Amino acid sequence: MSIDGNVNFKSVELFDEEIDINALIRNCDFTEHAFSERTERFRKALELNKTDGRQASFDRIFRVDKGHKGGIELHCVTKNGIIFILNEEKFRGWENCIVTVLFARVNQAKRLYDAVNIDFPEPIRKKCAEWAMRGLNHY
């Protein structure tokens with residue numbers, strides 16, 4: 001689906017495969033860009049993404065075309081409102097696929113759900129609002 005009014009996204013659709021967050025953390029590494037700029041954010045995201053001592057799973061995974069030369073991205077939204085962004089092509093080989101991680105602002109997460117006509121879960125909205133209040137989305 002095309003994203004009207006959002007020049008960053010050419011299209012968004014649901015990714016029809018499941019990704020186990022623990023397998024992702026164990027098996028996948030950062031792209032060169034993410035490693036140099038995002039390691040502390042990633043560490044903090046893993047710390048804050050826990051529910052009952054375990055990593056919160058992904059609520060939804062969106063396949064996002066931004067027209068980027070690196071290809072399609074997978075925006076993996078956890079039930080705690082943290083978005084792991086992966087390079088789809090690199091993910092297929094479990095190689096350096098993590099582009100970045102975001103403490104999502106409400107609108108960052110909501111626009112993904114809106115693009116595929118899925119209700120934005122209230123618990124995720126609340127966590128995103130919490131990240132914004134704590135200033136973590138600027139982390």
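This one's a predicted model, so the numbers in the text were calculated from it and none came from an experiment.
Residues Val77 and Phe58 fail the side-chain proximity criterion, which asks for heavy atoms closer than 4.5 Å. Side-chain contact check for Val101 versus Ile82: some heavy-atom pair is nearer than 4.5 Å. Arg41 places a side-chain heavy atom less than 4.5 Å from the side chain of Leu102. In this structure, the side chains of Phe120 and Val106 come closer than 4.5 Å at one or more pairs of heavy atoms. Under the 4.5 Å side-chain criterion, counting only non-hydrogen atoms from C-beta, Phe103 is not in contact with Arg134.
The CD atom of Gln55 sits 8.5 Å away from atom OG1 of Thr78, with the distance rounded to the nearest 0.5 Å. Here the straight-line distance linking atom CD1 of Ile61 with atom SG of Cys76 works out to 4.5 Å at 0.5 Å rounding. Rounding to the nearest 0.5 angstrom, the gap separating the CG atom in Leu48 from the CG atom in Asn80 is 8.5 Å. For the atom pair CD1 (Ile118) and CZ (Arg60), the distance works out to 4.0 Å, reported to the nearest 0.5 Å. Distance CZ/Phe84 to CG/Leu74: 13.5 Å, rounded to 0.5 Å.
Pairing each heavy atom of Ile85 with each of His75, the nearest pair is CD1-CE1, 3.7 Å.
For Glu89, the CD atom is loosely surrounded, since the number of other residues' heavy atoms within 6.0 Å does not exceed 12.
Judged purely by atom type and a 3.5 angstrom limit, Asp119 has no side-chain atom pairing as donor or acceptor with the backbone of Pro121.
Side-chain heavy atoms closer than 4.5 Å link hydrophobic residues (I, L, V, M, F, W, Y) into clusters, and following such links, even through other members, never connects Ile72 to Val116.
Within the structure, side-chain hydrogen bond (donor to acceptor under 3.5 Å, both in side chains) pairs that include any residue of residues 16-27 comprise Glu17-Arg92 (at least two apart or interchain).
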Go through the steps for Glu47 and Arg43 under the test salt bridge (Lys or Arg N to Asp or Glu O under 4.0 Å), then give the verdict. CA-CA 6 Å; Glu47 173 188 321; Arg43 184 201 62 74; 2.9 Å; yes
